[in-house]
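Both backbone and side-chain heavy atoms feed into the values below; hydrogens, waters and symmetry mates do not. Quick caveat, the model's predicted, so the values are computed rather than measured. Residue numbers start from 1 in every chain, and the chains themselves are labelled A, B, ... in the order their sequence lines are given, proteins ahead of strands.
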There are 2 protein chains.
Amino acid sequence: MRLVIARCSVDYSGRLAAHLPPANRLLMVKADGCVAVHADGGAYKPLMWMTAPNRLVEREGSWVVTNPKGETLTIAVEEILSDTSWPLGADPGLEKDGVEAHLQALLAANCERIAAGLRLVRREYPTDVGPVDLLCRAPDGTTLAVEIKRRGEIDGVEQLSRYLDFLNRDPMLRPVRGVFVAQQVRPQARVLAADRGIRWLEVDYDELRGIESSEQRLF
Amino acid sequence: MRLVIARCSVDYSGRLAAHLPPANRLLMVKADGCVAVHADGGAYKPLMWMTAPNRLVEREGSWVVTNPKGETLTIAVEEILSDTSWPLGADPGLEKDGVEAHLQALLAANCERIAAGLRLVRREYPTDVGPVDLLCRAPDGTTLAVEIKRRGEIDGVEQLSRYLDFLNRDPMLRPVRGVFVAQQVRPQARVLAADRGIRWLEVDYDELRGIESSEQRLF
DNA sequence: GTGTATATCTCGGGG
DNA sequence: CCCCGAGGTATACAC
């Protein structure tokens with residue numbers, strides 16, 4: 001990890017063109033070669049960057065970073081205030097809990113939470129346009145396709161619509177209905193779901209996790 | 001901009017829960033208060049972070065960052081290898097060229113480029129499922145909904161299809177036809193557009209900009 | 001490699 | 001403030 005504090009101006013040319021006038025900034029060069037130019041504000045996103053793999057050519061007063069796609073990051077270094085390097089070593093890595101995969105697992109184990117009497121047929125049921133999160137059977141014998149999101153937006157409804165199109169071509173499954181499940185379903189997603197005849201449902205992650213742990217306590 | 005190189009373990013609790021075992025990392029604290037924990041790899045994204053506004057409480061061997069939403073970032077600092085601060089000042093900011101907004105502005109001002117005699121009714125015309133980029137009137141009185149992308153992919157065609165569905169329910173507008181405009185329209189998007197009765201069109205950004213600047217030269 | 005789906009997405013604009 | 005769409009999205013994973 002190399003950290004350079006410098007007065008510089010920066011230009012990017014590639015998927016778009018962008019320019020930064022001269023100012024003091026942090027230049028971060030990581031062990032994998034990626035370069036980032038940070039200002040003293042603005043969340044974690046750098047003003048400009050170049051991801052690995054790339055090639056950094058450092059000449060007097062000018063760094064040029066190029067990648068195989070032909071994109072170029074040019075840093076005109078006017079004055080270096082500090083230039084330090086720290087070998088950090090490989091990171092042991094991140095452990096996460098509470099992402100969509102976990103929500104899916106909880107709902108798969110408790111799918112009667114989606115509708116009474118629902119039985120799980122399969123998780124990640126494959127179709128030609130991607131896997132359906134949950135495929136379930138209702139007590140009346142009809143099939144339900146369930147799409148799960150943390151935040152239910154319009155894209156998710158489109159995704160479920162595509163699955164339903166393809167599932168309903170299978171005479172063995174037809175008719176298949178859709179349910180859109182999320183911790184929060186946005187207004188436009190509700191409108192589109194209603195319009196497509198898709199039911200939507202908001203679920204509470206903590207409550208689901210609570211059920212799960214109380215059930216485990218029984219065994 | 002404060003840069004701390006330290007051996008630390010980190011925990012985040014909020015939208016999800018996450019944990020980092022002890023290792024040497026960079027802790028970056030920006031002037032606006034945002035905190036980021038970087039490893040020596042993995043593009044520009046930090047392993048963990050907390051955006052502004054937040055509150056950083058630094059006690060011996062432990063930093064606790066909390067935000068108004070009740071999220072918490074806890075950094076257990078085991079050993080500090082370096083701790084430096086650099087006042088960078090406000091950044092003059094980024095100038096971008098070639099984003100969708102420019103393309104939309106150029107086409108709004110030159111919509112006869114989309115079809116002869118076209119007249120702009122409104123940019124960002126609202127529907128229940130989102131705003132249409134351009135709504136135009138053709139010489140024959142019919143309405144055109146225009147969706148603009150830098151890269152025309154299948155989801156852009158889906159987006160325009162949704163708008164057309166809803167616009168065509170309005171007796172005052174009906175019938176509304178669609179035009180999908182992009183610098184590059186991908187093969188799959190062409191097929192889908194054709195299937196939906198949507199016309200597609202590739203435009204050259206530099207050429208449009210050229211028209212614009214030559215028009216400006218006239219005044 | 002291409003395509004698809006996720007993300008503590010971030011960021012900016014509009015109501 | 002929330003909602004929504006764009007992004008040089010990045011990133012992981014399946015085919």
Side-chain angles (χ1 to χ4, degrees), chain A residues 11-18 34 36 41-52 67 69-73 94 96-104 124 126-133 147-156 158-160 162-163 183-191, chain B residues 10-18 34-37 41-52 54 65 67-73 93-94 96-104 123-124 126-133 147-151 153-156 159 163 186-188:
Chain A
D11 284 278
Y12 164 76
S13 168
R15 278 165 281 187
L16 56 66
C34 62
Y44 69 64
K45 199 177 179 183
L47 294 166
M48 295 216 200
W49 70 93
M50 184 74 80
T51 50
N67 73 6
K69 278 186 256 176
E71 299 171 299
T72 309
L73 187 71
L94 190 57
K96 289 184 185 183
D97 171 39
V99 292
E100 192 204 284
H102 200 192
L103 194 57
Q104 191 196 108
E124 303 288 349
T127 76
D128 288 347
V129 286
V132 184
D133 285 341
E147 179 62 34
I148 300 164
K149 296 278 181 223
R150 285 195 319 112
R151 289 166 50 138
E153 303 189 18
I154 218 159
D155 286 3
E158 290 285 11
Q159 201 178 331
L160 180 51
R162 285 200 299 276
Y163 298 152
Q183 292 178 265
Q184 205 181 24
V185 180
R186 298 310 178 118
Q188 290 195 342
R190 296 179 186 196
V191 170
Chain B
V10 192
D11 284 277
Y12 165 76
S13 168
R15 279 164 282 187
L16 55 67
C34 345
V35 180
V37 181
Y44 65 65
K45 195 179 179 180
L47 296 166
M48 293 207 198
W49 69 92
M50 181 77 75
T51 52
N54 63 39
V65 193
N67 72 7
K69 279 186 251 176
E71 299 173 300
T72 308
L73 186 72
L94 188 59
K96 287 185 183 180
D97 177 36
V99 292
E100 193 203 282
H102 292 180
L103 198 55
Q104 195 198 104
R123 282 172 71 175
E124 302 291 349
T127 77
D128 286 348
V129 287
V132 184
D133 284 341
E147 178 62 33
I148 300 163
K149 294 280 181 222
R150 284 194 310 121
R151 292 165 48 148
E153 302 188 17
I154 216 160
D155 59 339
Q159 202 177 333
Y163 299 151
R186 298 306 179 105
Q188 288 190 338

Sticking with atom [atom1], work out how far [N] lies from [M], rounded to a whole angstrom.
N: D:dG8; M: D:dC4; atom1: P; result: 22 Å
N: C:dT4; M: C:dT8; atom1: P; result: 22 Å
N: D:dT11; M: C:dC11; atom1: P; result: 15 Å

Regarding B:K149 and B:Q159, do their side chains bring together a donor and an acceptor under 3.5 Å, going by distance alone?
yes
Do B:Q104 and B:R123 get their side chains close enough for a donor-acceptor pair, meaning under 3.5 Å?
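Checked: B:Q104/B:R123 side chains pair up, N/O donor to acceptor below 3.5 Å.
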Mind listing the closest non-hydrogen atom pair of [X] and [Y] along with its distance?
X: A:Q188; Y: B:D128; result: CG-O, 3.6 Å
X: A:L94; Y: B:M48; result: CD1-CE, 3.4 Å
X: A:H102; Y: A:D97; result: ND1-OD1, 2.6 Å
X: B:N67; Y: B:M50; result: ND2-SD, 3.5 Å
X: B:R15; Y: B:Y12; result: N-OH, 2.9 Å

Using a cut-off of strictly less than 4.0 Å, decide whether [X] has a side-chain nitrogen or oxygen near OP1 or OP2 of [N].
X: B:R123; N: C:dG13; answer: no
X: A:R151; N: C:dT8; answer: no
X: A:K45; N: D:dT9; answer: no
X: A:R15; N: D:dA10; answer: yes

Rounding to an integer number of Å, can you tell me how far [X] [atom1] sits from [N] [atom2]?
X: A:Q159; N: C:dA7; atom1: CD; atom2: P; value: 12 Å
X: A:K96; N: D:dA12; atom1: NZ; atom2: P; value: 9 Å
X: A:W49; N: C:dT10; atom1: CH2; atom2: P; value: 14 Å
X: B:Q104; N: C:dG14; atom1: CD; atom2: P; value: 10 Å
X: A:I154; N: C:dA5; atom1: CD1; atom2: P; value: 16 Å
X: A:D133; N: D:dC13; atom1: CG; atom2: P; value: 16 Å
X: A:L103; N: C:dT8; atom1: CG; atom2: C1'; value: 15 Å
X: B:N54; N: C:dT8; atom1: CG; atom2: C1'; value: 14 Å

Per [X] side chain, nearest of listed nucleotides [options]:
X: B:A43; options: C:dT6, D:dA10, D:dA6; answer: D:dA10
X: A:R186; options: C:dA5, D:dC3, C:dT8; answer: D:dC3
X: B:P131; options: D:dG5, C:dT10, D:dG8; answer: D:dG5
X: A:P187; options: C:dT6, D:dT9, D:dC3; answer: D:dC3
X: B:T51; options: C:dT8, C:dT6, C:dT10; answer: C:dT10
X: B:V99; options: C:dA5, D:dG5, D:dG7; answer: D:dG7
X: B:E71; options: C:dT8, D:dG7, C:dT6; answer: C:dT8

Does the ring of A:Y44 meet both stacking tests against the six-membered base ring of C:dT10: centre distance under 5.5 Å and plane angle under 30°?
no
If you assign A:G130 and B:A18 each to the DNA chain C nucleotide with the nearest heavy atom, which residue ends up on the more 5' nucleotide?
A:G130
Base, sugar-phosphate, or nothing for [X], non-hydrogen atoms under 4.0 angstrom?
X: B:E124; value: nothing
X: A:Q188; value: sugar-phosphate
X: B:M50; value: nothing

Closest nucleotide of DNA chain D for A:K69 versus for B:A101: which of these residues is on the 5' side?
B:A101
Reading DNA chain D from 5' onward, which residue's closest nucleotide shows up sooner: B:K149 or A:Q184?
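That would be A:Q184.
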